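All remarks here apply to the structure that follows.
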Amino acid sequence: MTQARPIPEELLDKAVAKGWTSRKAAADTIELALAKGFSVEQLGVALDMGLTPERAHELLQRAALFVRNEGDIFNEQQHEYIENLKKGRYDLEWLHDPRPNWGITAKMRDAERGLTLQDINKAYAGEPDDAPELRTMAPRGAVVDPEVPDMGYVYNQKYQVWSDNVSALYEEACGRQWSATRDIPWDELKPLPDDLERAQCQIATFLSEVEMIAADFPAKWQWQMNQHFHEVKMFLCTQAMDEARHLEVFRKRALANGGGLMRCLSGTELFLRTILHAPTYIQGSFLMHVLGEGLVLDIFRGGEFLAKNKTEKEIYRLCMQDEARHVSYGTMHLKYFLEHHPEHEQALAEMHALAEVAELGIPGFLTNPFIIEPLAVLMGDGVKGMDKGMEAVRLVWVRMREEYLNRCALAGFDRRDVTKVPAEAPF
Amino acid sequence: MPKFPSVEWFEAVGRRVADERERFKHLGYVDANVGVKVGTGGAAKGYLLEFAGYGVRRVREVADPAQLADFTIEGRLDDWKNMIENIRDHGEPDLGHTLNRLTMAGTPMQVVAKDQLQVDLFYRFNQSIQAFFNEAAGVTTEFSAS
């Protein structure tokens with residue numbers, strides 16, 4: 001056991017500055033920690049990283065994990081086990097434990113496809129609880145130690161994160177991964193007239209800017225989701241990978257054909273900031289999955305008009321597939337959220353209040369000259385054909401609105417009669 | 001020589017897909033029943049392509065594919081013919097004749113479905129469905145009279 005050491009005043013100052021209740025309470029906890037073998041330096045780092053008094057006590061209660069003799073890397077429990085091993089005695093508790101459900105044999109529905117999440121969910125622990133008791137990373141359906149620590153998850157209710165299509169979407173995402181390096185026919189990219197190259201580069205810059213929000217946003221919330229709902233977290237991981245690839249492919253497009261990265265606007269950044277800093281997951285998910293990615297999905301689909309060669313066509317088509325998965329998750333999550341929220345009417349009213357403000361982003365998006373003019377140039381095959389291109393932009397406006405409203409309706413969130421988005425382009 | 005549209009024609013394309021299994025596996029599986037409607041009104045012909053895994057499991061002629069399919073691709077015979085001939089001429093569609101391009105707003109063909117989630121399936125599986133129709137390049141095709 002470590003000898004009692006005086007507690008440095010700076011450490012106490014730091015604890016108090018970090019919000020520990022009193023100097024005396026901090027001193028007691030730090031003294032206990034030092035007695036259990038932690039160093040002053042380690043405690044300083046832990047305080048810098050936000051160690052709370054509650055968390056400190058929780059950790060210190062697990063004394064056996066931390067009690068070590070000076071200079072010894074093993075604790076008493078580990079020494080005991082090592083001694084047993086030396087004598088050829090194994091623990092084997094895990095081997096004789098009667099508690100795990102045993103004899104589970106998940107069957108492949110389709111051998112060619114392989115063993116899917118749906119297959120294993122059908123076999124065992126496939127249906128998550130609405131409100132799991134534990135807050136651990138333990139796999140759903142495993143035997144869990146009674147004294148496991150609380151991970152501090154915030155989203156512990158199924159309705160807060162779930163969508164009924166999430167397992168299928170995860171499998172689909174894994175099956176449809178592609179490489180922006182290998183799977184795009186970059187060698188078919190040919191020099192374009194300056195107006196088309198600038199338009200393509202402006203759109204590529206915009207997409208390279210906005211796409212990564214759909215990786216940053218889920219990353220921010222993911223750790224707060226109870227791991228009982230692992231399918232959601234896994235799907236969001238695929239989304240993050242998708243978005244990294246989208247950033248990559250549009251950055252590559254901007255820099256691969258004699259053009260370059262162009263303008264980024266504060267309005268776009270403000271919208272991205274709104275998503276990133278949304279106060280709850282459902283609010284951010286609606287803003288991003290349903291509204292934002294719904295709009296971008298239509299741009300990707302419109303890539304059929306925007307693409308001037310096979311390279312660009314392939315980029316837009318592959319991104320479209322990815323984006324459609326994200327939108328499908330968001331739509332079905334919104335549906336699940338509203339259908340299972342304990343206070344449905346209030347939740348519905350709050351989502352309508354959010355949508356009322358958020359929908360103003362669509363007209364803002366579609367009257368932004370840095371977005372619609374490059375689109376019109378590409379759709380019209382050049383500045384000279386911009387008027388014709390604007391006709392296509394008007395069609396895009398109508399379709400974006402229609403598909404957005406259709407998705408809302410599917411989620412039980414009827415916005416058709418109250419939407420702020422004009423039915424037709426005002427130009 | 002299979003005639004378009006017919007069960008035999010879609011099955012001939014499906015056999016070519018089966019021969020290219022590895023390539024289609026790379027694109028990802030498709031879980032969707034895809035309707036195809038050729039023509040309009042009472043003379044229209046309907047087909048249901050049951051995609052499963054990496055190819056088409058079954059093709060059926062049906063009266064109204066929209067009733068059974070997740071989504072249906074509809075067009076006049078001439079539009080389908082233009083697309084298939086374009087695919088045959090180039091080995092794959094040129095920029096103006098992809099399914100996605102031909103089914104956009106203001107274009108001759110359309111994708112219809114009961115709800116938006118099913119329309120979104122067309123987007124999610126687009127690469128595979130396009131690759132399926134691209135195999136028409138290797139099927140010598142006779143067309144029904146317009």
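Proteins get letters first, then strands, A, B, ... in listed order; numbering begins at 1 in each. Please read all numbers here as calculations on a predicted model, not as lab measurements.
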Chain A contact via B:Thr107 - which portion, at a heavy-atom distance below 4.5 Å: side chain
Answer yes or no: is there a side-chain heavy-atom contact under 4.5 Å between A:Met320 and B:Gln127? no
Can you tell which part of A:Ala409 gets under 4.5 Å to a heavy atom of chain B, answering side chain, backbone, both or neither? neither
To the nearest 0.5 Å, how far apart are CG in B:Asp115 and CG in A:Leu410? 4.5 Å
Has A:Arg176 got a side-chain atom pairing as donor or acceptor with B:Leu27's backbone, closer than 3.5 angstrom? yes
For A:Arg399, is it the side chain, the backbone, both or neither that has a heavy atom under 4.5 Å from a heavy atom of chain B? side chain
Between the NZ atom in A:Lys313 and the CZ atom in B:Arg101, the distance rounded to the nearest 0.5 Å is 6.5 Å
May I ask you to check whether over 12 heavy atoms, not counting those of B:Lys114, lie within 6.0 Å of atom NZ? yes
Taking atom CD as the centre, does B:Glu142 end up with more than 12 heavy-atom neighbours from other residues, nucleotides or ligands that are less than 6.0 angstrom away? yes
Might you point out which heavy atoms bring B:Asp120 and A:Ser328 nearest each other, and give the distance in Å? CB-OG, 4.0 Å
Counting only heavy atoms closer than 4.5 Å, note whether A:Arg394 contacts chain B via side chain, backbone, both or neither. neither
Over 12 foreign heavy atoms within 6.0 Å of CZ, B:Arg88: yes
Heavy-atom distance under 4.5 Å to chain B: side chain of A:Glu171, backbone, both or neither? both
Is the side chain of A:Gln321 donor-acceptor paired with the backbone N or O of B:Asn126 at a distance under 3.5 Å, no angle test? yes
How long is the span from the CD atom in A:Glu323 to the CZ atom in B:Arg124, to the nearest 0.5 Å? 13.0 Å
What pairs with A:Tyr170 under ring-ring contact (aromatic ring centres under 6.0 Å, His included), at least two apart in sequence or on another chain? none
Structural part of A:Val398 lying under 4.5 Å from a heavy atom of chain B: neither
Non-hydrogen contacts under 4.5 angstrom with chain B: give the residues of residues 286-296 of chain A involved, or none if there are none. none
Inter-chain contacts: residues 16-24 of chain B against chain A, heavy atoms under 4.5 Å: B:Arg21
Please flag which part of A:Lys308 lies under 4.5 Å from any non-hydrogen atom of chain B: side chain, backbone, both or neither. backbone
Flag the pair A:Arg317 / B:Asn100 as yes when at least one side-chain heavy-atom distance between them is below 4.5 Å, and no otherwise. no
Taking the side chain as every heavy atom from C-beta outward, state whether B:Tyr29 and A:Glu172 have any pair of such atoms under 4.5 Å apart. yes
Roughly how far, to the nearest 0.5 Å, is the CE atom of B:Met104 from the CG atom of A:Leu395? 8.5 Å
Applying salt bridge (charged side-chain N to carboxylate O under 4.0 Å, His left out), run through B:Arg57 and A:Asp110 and close with a yes or a no. CA-CA 12 Å; B:Arg57 183 176 50 198; A:Asp110 177 351; over 6 Å; no
Whatever's closer than 4.5 Å to a heavy atom in chain B on A:Glu312 counts as neither
Based on non-hydrogen pairs under 4.5 Å, which of A:Arg301, A:Glu112, A:Glu403 is most in contact with chain B? A:Arg301
Close contacts, residues 179-191 of chain A versus chain B, judged by heavy atoms under 4.5 Å: A:Arg182, A:Asp183
B:Gln116 side chain to A:Glu402 side chain, donor-acceptor N/O pair below 3.5 angstrom: no
What are the two closest non-hydrogen atoms of B:Tyr123 and A:Ala324, and how far apart are they? CB-CB, 3.7 Å
Among B:Leu121, B:Thr103, B:Val30, residue most engaged with chain A (heavy-atom pairs, under 4.5 Å): B:Thr103
Rounded distance [0.5 Å steps], CG in B:Leu117 versus CE in A:Met332: 5.5 Å
